[in-house]
Amino acid sequence: MSVYKALTIAGSDSGGGAGIQADLKTFQELGVYGMSVITAVTAQNTLGVQGVYPMSAEAIEQQLASIGEDLPPNALKTGMLFSGDIIRIVAAAIQTYKWERVVVDPVMIAKGGASLLQQEAVEAMIHSLLPLADVVTPNIPEAEALSGLQITDSESRQQAAKQIHLYGCKNVMIKGGHEVNTEHATDLLYDGKTFTEFSSRRLVTKHTHGTGCTFAAAVTSGLAQGLTTNEAIQLAKRFIQAAIADPLHIGSGHGPTNHWAYQRGVRASITRTVANELDRTSAGGQLKSDKAVGAEANAASFDDIFVNEDVFIRGVR
Ligand SMILES: Nc1ncnc2c1ncn2[C@@H]1O[C@H](COP(=O)(O)OP(=O)(O)OP(=O)(O)O)[C@@H](O)[C@H]1O
Ligand SMILES: Cc1ncc(CO)c(N)n1
């Protein structure tokens with residue numbers, strides 16, 4: 001059995017819904033071995049961020065070296081990096097160890113408004129880290145900060161994606177979780193040539209803590225296993241949709257998403273397929289509904305399984 005390894009370079013969320021904790025849960029659920037370099041410790045729960053404690057440069061460098069010298073990742077993601085100094089340390093390690101399949105989630109502000117990236121660090125993100133990224137996954141406010149453009153409609157979102165692409169990253173994915181009054185949560189991918197939209201039904205819930213981290217970690221898991229960017233994003237969209245659709249209802253504020261939901265849905269789908277097969281054979285070869293059995297069997301292939309919700313993908317222009 002091949003063991004694919006994924007690394008997250010991010011902050012710790014004591015509440016377990018975002019940051020390192022969300023990333024490792026997602027890696028585990030999607031079948032990759034998870035590793036972490038912790039850049040900062042936050043005291044955090046579903047009510048907000050109560051404290052931010054960045055790690056020393058030395059502590060971060062040593063963690064990166066420990067991974068680099070023994071456990072090369074098949075893919076990595078960055079999350080909360082906090083300062084320009086930390087960004088430069090991380091960028092240097094990616095170059096030194098020649099790590100590939102790099103997903104940059106340019107975390108800036110927590111949903112409650114706490115700052116997770118210093119203002120001066122935006123420049124370092126643009127000049128040191130984005131040129132090394134295969135995929136960068138800003139939400140709308142982050143895309144505005146990186147591009148210097150205001151995003152008000154799909155045209156301005158495309159312009160922002162083009163601007164961010166100029167910084168040297170291969171793919172720009174502007175996420176649509178922050179849009180309001182839309183029927184769909186639509187993420188826009190730009191690969192330097194074409195735009196592709198990944199849409200799902202917008203779910204009405206306050207339990208969206210950690211959506212961005214979980215989404216980027218799922219993309220990283222897919223890339224670590226050799227999926228293309230497009231396939232990894234489809235997987236991530238399905239994973240996050242299931243995680244938001246089936247919240248855990250813990251804490252009294254904005255609760256975490258459910259990292260178990262996707263795999264439980266997949267297992268349920270496979271169980272249904274097997275049960276249908278058994279029905280079929282125990283009926284002495286008499287098919288109850290050939291069509292239904294066929295549809296279930298098809299759904300059991302890795303690509304087609306989808307749980308609860310549908311994700312729509314379309315090229316733009
Ligand atoms: N209410 C929702 N219904 C369906 N999908 C959603 C919803 N909110 C977010 N998403 C999806 O979750 C993923 C993460 O997007 P989002 O814009 O919320 O990230 P983020 O703001 O970076 O998250 P975070 O606050 O954790 O940093 C995207 O694929 C987005 O479309
Ligand atoms: C540690 C950490 N990273 C990222 C986010 C963004 O969701 C958060 N709230 N906390």
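Numbers for residues simply follow the sequence, beginning at 1. Whatever order the structure lists ligands and atoms in, that order sets their numbers, starting from 1.
Heavy-atom contacts of Q241 reach the following atoms of ligand 1: 4 (C), 5 (N) (cutoff under 4.0 Å). Atoms of ligand 2 found under 4.0 Å from any heavy atom of S12 (numbered from 1 in listed order, with element): 1 (C). Atoms of ligand 1 found under 4.0 Å from any heavy atom of H178 (numbered from 1 in listed order, with element): 17 (O), 20 (P), 21 (O). Each of the following atoms of ligand 2 lies closer than 4.0 Å to a heavy atom of V107: 4 (C).
Judged by distance alone, with hydrogens and angles left aside, the side-chain atoms of H207 form a donor-acceptor pair with the main-chain N or O of G255 at under 3.5 Å.
Ion pairing between a basic and an acidic side chain is recognised when a charged N comes within 4.0 Å of a carboxylate O; K175 and D187 show no such pairing.
An N or O contact shorter than 3.5 Å links Q44 to ligand 2 by distance. Inclusion of E142 in the set of residues having an N or O under 3.5 Å from an N or O of ligand 1 is not warranted. Of the polar atoms of K237, at least one N or O is found under 3.5 Å from an N or O of ligand 1, judged by distance alone.
Shortest contact from atom 9 (C) of ligand 1 to any protein heavy atom: G177 CA, 3.5 Å. The protein atom (non-hydrogen) at minimum distance from atom 26 (O) of ligand 1 is G212 N, 3.0 Å. Atom 22 (O) of ligand 1 has its closest protein heavy atom at K175 NZ, 2.7 Å. With hydrogens left out, the protein atom closest to atom 5 (N) of ligand 1 is A185 CB, 3.4 Å, a heavy atom.
Counting heavy atoms of neighbouring residues, nucleotides and ligands inside a 6.0 Å radius, atom CD of Q28 does not exceed 12 of them.
Proximity of A18 to ligand 1 is not established, as no heavy-atom distance is less than 4.0 Å. Remark: distances from the non-hydrogen atoms of H209 to ligand 2 include one below 4.0 Å.
With a 4.0 Å cut-off on non-hydrogen atoms, H209 does not touch ligand 1 at all. Using a 4.0 Å cut-off between heavy atoms, L203 contacts ligand 1 through both its backbone and its side chain. Looking at I240 against ligand 1, only its side chain comes within 4.0 Å, counting heavy atoms. In T137, neither the side chain nor the backbone holds a heavy atom less than 4.0 Å from any atom of ligand 1.
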